[in-house]
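Below: the structure, in structure tokens.
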Amino acid sequence: MQTIAIIDYGMGNVRSVQKAIEHVAPSDTVLITDNAELINEADRIVFPGQGAMGACMQALNEHGLTDIIKKSAHEKPFLGICLGMQLLFDHSQENGGTEGLSIIPGNVVKFAKSDLKIPHMGWNTVKQSMDHPLWHNIDDNSRFYSVHSYYVSEADVSTVAGTTHYGIDFTCAVAKDNMFAVQFHPEKSQHDGLQMLTNFVNWKG
């Protein structure tokens, strides 16, 4: 029986992610942990995150998790959610500039001032940019729920799996090898979000 580790470093709504995954996978296969050994032993990894990127990177370092995240992201099915997507990139403008994990090339920038409300919060359509197993049984331009003030910019076009429009078109999903990461919250996105989590549970990576 495959195990799914949800990485807990004190900066993500891990309980809501856990409950959503337990809708689509046996509950005894899902664990919440900050233990690098347990993460290493798990078959699948979920990397959620909320809050400020600077504080998240500090928490990851304090928990000693950066190395195991980098290792897991290259070895097994890996799903990043919200800030868990942004942290995979090289650099963010947040907190005066924060270095990320540099697992995927690209940078994170703040939405420019405009008439649109920031943070970007609510339901938006997602345009699928590539065929991918995690889009299975999810219609193109389906709606997902987002809450964020920063977005991925300058991502390698070959990694862009989905885009959303909010004043501008921006990258909201990326895929590389066994990694898939999304800016939106599948655990808060009802049927299509649960379908994505189902796809992740079944994904060979």
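All residue numbers in this chain count up from 1 along the given sequence.
- Annotation: side chain of Met57 is in contact with side chain of Leu87 (closest heavy-atom distance under 4.5 Å).
- From Asn202, atom CG reaches atom CD of Gln2 across 9.5 Å, with rounding to the nearest 0.5 Å.
- When all heavy atoms of Ile39 and Ala5 are compared, the pair lying nearest together is CA-CB, 4.4 Å.
- Within a 6.0 Å radius of NZ in Lys188, other residues, nucleotides and ligands contribute more than 12 heavy atoms.
- For Lys127, the salt bridge (charged side-chain N to carboxylate O under 4.0 Å, His left out) partners at least two apart in sequence or on another chain are Asp140.
- The heavy-atom pair separating Ala42 from Thr3 by the smallest distance is CA-OG1, 3.2 Å.
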After noting the C-alpha distance and the side-chain angles of Asn124 and His165, does the key distance pass the side chain to side chain contact (heavy atoms under 4.5 Å, CB included) rule? CA-CA 8 Å; Asn124 284 86; His165 185 82; over 6 Å; no

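- Within 6.0 Å of the CE atom in Met130, the count of heavy atoms belonging to other residues, nucleotides or ligands exceeds 12.
- Residues Phe47 and Val17 are not in side-chain contact: their nearest non-hydrogen atoms beyond the backbone lie 4.5 Å or more apart.
- In this structure, Phe111 and His120 have perpendicular ring planes: the angle between them is above 60°, well past the 30° mark.
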Could you walk me through whether Trp203 and Leu79 pass the side chain to side chain contact (heavy atoms under 4.5 Å, CB included) test, one step at a time? CA-CA 11 Å; Trp203 182 32; Leu79 176 63; over 6 Å; no

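- A donor-acceptor pair is defined here as one N or O able to donate and one able to accept, closer than 3.5 Å; such a pair exists between the side chain of Asn35 and the backbone of Leu38.
- Linking Ile, Leu, Val, Met, Phe, Trp and Tyr residues whenever their side-chain heavy atoms come within less than 4.5 Å leaves Val182 and Met53 in two separate clusters.
- For the atom pair CZ (Phe78) and CD1 (Ile7), the distance works out to 5.0 Å, reported to the nearest 0.5 Å.
- A distance of 6.0 Å or more separates the ring centres of Tyr150 and Phe170.
- Separation of atoms NZ (Lys76) and NZ (Lys71) is listed at 6.0 Å; rounding is to 0.5 Å.
- Between Tyr151 and Lys110 the shortest side-chain heavy-atom distance does not fall below 4.5 Å.
- The nearest pair of heavy atoms linking Ala161 to Phe180 is CB-CE1, 3.9 Å.
- Both Phe89 and Ile45 are assigned to one and the same hydrophobic cluster, defined by single-linkage of ILVMFWY side chains at heavy-atom distances under 4.5 Å.
- In plain terms, the two heavy atoms of Ser72 and Asn178 that are nearest each other are O-ND2, 3.7 Å.
- Criterion: ILVMFWY side-chain heavy atoms under 4.5 Å apart, direct or through other members. Under it, Leu197 and Met85 are not part of a common hydrophobic cluster.
- Ile138 and Val174 fall into different hydrophobic clusters, where Ile, Leu, Val, Met, Phe, Trp and Tyr are joined by side-chain heavy atoms under 4.5 Å apart, directly or via other members.
- Both Val201 and Trp135 belong to a single network of hydrophobic side chains, linked directly or stepwise wherever heavy atoms of I, L, V, M, F, W or Y lie under 4.5 Å apart.
- Within the model, atoms OG of Ser16 and CD1 of Ile21 stand 9.5 Å from one another, a figure rounded to the nearest 0.5 Å.
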Between Ser146 and Thr164, is a side chain to side chain contact (heavy atoms under 4.5 Å, CB included) present by the stated rule, with each step listed? CA-CA 10 Å; Ser146 297; Thr164 289; 5.8 Å; no

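- With a 6.0 Å radius and a threshold of 12 heavy atoms from other residues, nucleotides or ligands, Asp169 has its CG atom above the threshold.
- Of the possible donor and acceptor atoms, none in the side chain of Asn40 sits under 3.5 Å from a partner among the backbone N and O of Ala36.
- For Asn107, the side-chain hydrogen bond (donor to acceptor under 3.5 Å, both in side chains) criterion is met by Glu154, not counting sequence neighbours.
- Test Thr33, Asp8, Ile81, Asp34 against Val14 for side-chain contact (heavy atoms from CB on, under 4.5 Å) and you get one pass: Asp8.
- Of all heavy-atom pairs between Asp90 and Glu99, the closest is O-OE1, 3.4 Å.
- Summarising the geometry of Ala155 relative to Thr171, their closest heavy-atom pair is CB-OG1, 4.3 Å, with the distance given to 0.1 Å.
- Rounding to the nearest 0.5 angstrom, the gap separating the NE2 atom in His132 from the CE atom in Met196 is 9.0 Å.
- Side-chain contact check for Ser158 and Asp156: at least one donor-acceptor pair (N or O, by modelled atom type) lies under 3.5 Å.
- Of the residues Asn199, Thr198, Val30, the one that meets the side-chain contact (heavy atoms from CB on, under 4.5 Å) test with Val24 is Thr198.
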Could you go through the side chain to side chain contact (heavy atoms under 4.5 Å, CB included) check for His185 and Gln50 one step at a time? CA-CA 10 Å; His185 289 271; Gln50 289 178 227; 4.3 Å; yes

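- Two residues are said to be in side-chain contact when any heavy atoms from C-beta on lie closer than 4.5 Å; Leu83 and His148 fail this criterion.
- Note: Gln128 CD to Asp139 CG = 8.0 Å, rounded to the nearest 0.5 Å.
- Counting heavy atoms from C-beta on, the side chains of Ile103 and His74 come closer than 4.5 Å.
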